[in-house]
Amino acid sequence: MRWIKWGLGFFIVSGSILMVYTLWDNQRIIVREENIGIDDLPEELDGFTILQITDLHEKTFGENQRKLIDKVNSLEYDAIVFTGDMLDDAQSQNYNPTYDLLDGINNLDHALFVSGNTDPNHFEPISARTSDKHDFVKGMADRGVRPLESIYPMDVGEASVHFVEFEISLKDPYDEIAKLESSSQSAKEPDDEHLINLYEEMKTINDLSNEDILISLYHYPLVDQRIDIYQKDPSVHFRDYDLHIAGHYHGGQIRLPFLGALMVPEAYYDNYGLLPPQDRVMGYWEYDGLKQYVSAGLGSSRAVGFLNFRFLNPPEINLLTLKKE
């Protein structure tokens with residue numbers, strides 16, 4: 001009987017300690033730094049830094065995001081990218097966690113946003129993009145964050161970094177403009193002119209030189225199977241990206257010692273992400289010449305309601321530095 005009491009007491013104490021640790025762990029913020037080696041990187045871009053923030057899911061870190069703001073403002077970077085899932089679902093109107101963060105960030109000189117699956121209008125096709133943005137996106141733009149719909153160049157000396165929205169980069173801009181312009185007037189959509197302007201901007205992607213670096217921004221990682229499909233499809237223009245930056249997986253959200261992530265949301269896996277390859281969950285990896293970095297992000301998903309927390313997986317922001325290889 002005594003051993004039962006001792007055992008029960010041990011489990012109660014251990015469980016309480018683990019619960020307190022998990023609550024604390026979910027509120028701290030890790031800065032993960034990664035050097036990304038780029039072949040033939042121009043000297044002017046050696047040391048170019050990108051701060052990635054992703055998968056906030058309306059999570060707050062201190063009053064008015066003070067802890068997160070202080071962490072961001074303690075870092076030096078050349079560009080800052082928000083790779084989606086800032087909201088918890090597409091119908092949410094809880095914009096303050098994102099807006100408070102943006103209001104406090106000092107350096108938004110080159111700030112870009114691509115939407116995630118819990119952000120408004122994410123699943124609309126490219127053909128449905130219009131100049132009239134959702135109120136949430138308008139609020140981000142008002143605070144200095146550009147919604148990336150095509151390509152955004154940054155000149156550094158004689159060299160340039162080009163950030164491109166991944167989905168539109170798979171299209172040939174000349175073909176798409178021809179299709180839009182050949183439509184009869186009656187068949188044209190109300191905002192075809194906006195699409196034509198986007199594809200006009202995208203024309204530069206066909207003329208990049210060795211001095212230009214091409215970085216793809218997307219909410220989703222590109223698993224090996226997906227890359228294989230794109231490369232075999234003649235209708236897809238899979239570019240020579242120097243780096244692909246994504247989020248979405250949350251690092252598995254729930255991670256166990258020795259096992260790592262139990263699941264990631266990935267439709268391209270046969271088992272939809274159950275027991276994924278652990279070198280394809282978070283951080284840096286390379287496949288068939290494509291370098292990509294996947295952040296574990298800041299928040300948690302409530303896809304399974306009672307598991308809406310992170311376990312052994314602290315929230316993170318990511319500082320990526322381009323290095324000449």
S.K.: Test: ring pair (Phe, Tyr, Trp, His ring centres under 6.0 Å). Region: residues 57-77. Which pairs qualify, not counting sequence neighbours?
M.R.: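 Sorted pair list: H57-H250.
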S.K.: Kindly say whether E193 contributes a backbone atom to a donor-acceptor pair with the side chain of N197 at under 3.5 angstrom?
M.R.: yes
S.K.: Check this for me: does any side-chain nitrogen of one of E165 and R129 sit under 4.0 Å from a carboxylate oxygen of the other?
M.R.: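 R129 and E165: salt-bridged.
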S.K.: Once the angle between the rings of W24 and Y21 is folded into 0 to 90°, is it parallel (under 30°), tilted (30 to 60°) or perpendicular (over 60°)?
M.R.: tilted
S.K.: For R32, what residues pass the salt bridge (Lys or Arg N to Asp or Glu O under 4.0 Å) criterion, not counting sequence neighbours?
M.R.: E316
S.K.: Restricting to pairs with a member in residues 257-294, which pass ring pair (Phe, Tyr, Trp, His ring centres under 6.0 Å), not counting sequence neighbours?
M.R.: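 Ring pair (Phe, Tyr, Trp, His ring centres under 6.0 Å) check on residues 257-294 returns no pairs.
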S.K.: First locate atom CG of N96, then atom CG of L101, and finally report the distance between them rounded to the nearest 0.5 Å.
M.R.: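 These two atoms lie 12.0 Å from each other.
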S.K.: Can you confirm whether N313 sits close enough to I254 that some side-chain heavy atom of one is under 4.5 Å from a side-chain heavy atom of the other?
M.R.: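 No. Closest side-chain heavy atoms not under 4.5 Å.
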S.K.: Which value, rounded to the nearest 0.5 Å, describes the distance between I151 atom CD1 and L208 atom CG?
M.R.: 5.5 Å
S.K.: What donor-acceptor contacts under 3.5 angstrom involve side-chain atoms of residues 212-226, with partners at least two apart or in another chain?
M.R.:
{"residue": "D212", "atom": "OD1", "partner": "H162", "partner atom": "NE2", "Å": "3.4"}
{"residue": "D212", "atom": "OD2", "partner": "S209", "partner atom": "N", "Å": "2.7"}
{"residue": "D212", "atom": "OD2", "partner": "S209", "partner atom": "OG", "Å": "3.1"}
{"residue": "S216", "atom": "OG", "partner": "H244", "partner atom": "ND1", "Å": "3.0"}
{"residue": "Y218", "atom": "OH", "partner": "E167", "partner atom": "OE2", "Å": "2.9"}
{"residue": "Y218", "atom": "OH", "partner": "R226", "partner atom": "NH2", "Å": "3.1"}
{"residue": "H219", "atom": "ND1", "partner": "T83", "partner atom": "O", "Å": "2.7"}
{"residue": "H219", "atom": "NE2", "partner": "D85", "partner atom": "OD2", "Å": "3.1"}
{"residue": "H219", "atom": "NE2", "partner": "N117", "partner atom": "OD1", "Å": "3.1"}
{"residue": "H219", "atom": "NE2", "partner": "H248", "partner atom": "ND1", "Å": "3.1"}
{"residue": "Y220", "atom": "OH", "partner": "H122", "partner atom": "NE2", "Å": "2.7"}
{"residue": "D224", "atom": "OD1", "partner": "R280", "partner atom": "NE", "Å": "3.1"}
{"residue": "D224", "atom": "OD2", "partner": "R280", "partner atom": "NH2", "Å": "3.3"}
{"residue": "R226", "atom": "NE", "partner": "Y230", "partner atom": "OH", "Å": "3.0"}
{"residue": "R226", "atom": "NH2", "partner": "Y230", "partner atom": "OH", "Å": "3.0"}

S.K.: Is there a donor-acceptor contact under 3.5 Å from the side chain of N64 to the main chain of R66?
M.R.: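 No, the answer is negative, given that no donor and acceptor are paired below the 3.5 Å cut-off.
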S.K.: Measure from the side-chain N and O atoms of N26 to the backbone N and O of R310, and report whether any donor-acceptor pair falls under 3.5 Å.
M.R.: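 Here the side-chain-to-backbone pair exists.
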S.K.: How long is the straight-line distance from CG of L56 back to CD1 of I317, given to the nearest 0.5 Å?
M.R.: 11.5 Å
S.K.: Report, one line per pair, each donor and acceptor closer than 3.5 Å where one atom sits in a side chain of residues 36-46; sequence neighbours left out.
M.R.:
{"residue": "E43", "atom": "OE2", "partner": "K324", "partner atom": "NZ", "Å": "3.2"}
{"residue": "E44", "atom": "OE2", "partner": "E158", "partner atom": "N", "Å": "3.3"}
{"residue": "D46", "atom": "OD1", "partner": "K324", "partner atom": "N", "Å": "3.1"}

S.K.: Using a 4.5 Å cut-off on heavy atoms from C-beta on, say whether the side chain of V164 contacts that of M202.
M.R.: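 Yes - at least one pair of side-chain heavy atoms lies under 4.5 Å apart.
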S.K.: In Å and rounded to the nearest 0.5 Å, what is the CG to CG distance from N318 to L320?
M.R.: 6.0 Å
S.K.: Rounded at 0.5 Å granularity, tell me how far NZ in K171 sits from CD in E176.
M.R.: 5.0 Å
S.K.: Please name all residues satisfying side chain to side chain donor-acceptor pair (under 3.5 Å) with D103, sequence neighbours left out, ordered by chain then number.
M.R.: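 Per chain and number, D103 pairs via side chain to side chain donor-acceptor pair (under 3.5 Å) with R143.
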S.K.: Once rounded to the nearest 0.5 Å, what's the spacing between atom NZ of K291 and atom CD1 of I245?
M.R.: 13.0 Å
S.K.: Quick check against the 3.5 Å criterion: does T118 have a side-chain atom that pairs as donor or acceptor with the backbone of L87?
M.R.: yes
S.K.: Below 4.5 Å, heavy atoms only, C-beta onward: do Y152 and M154 meet side chain to side chain?
M.R.: yes
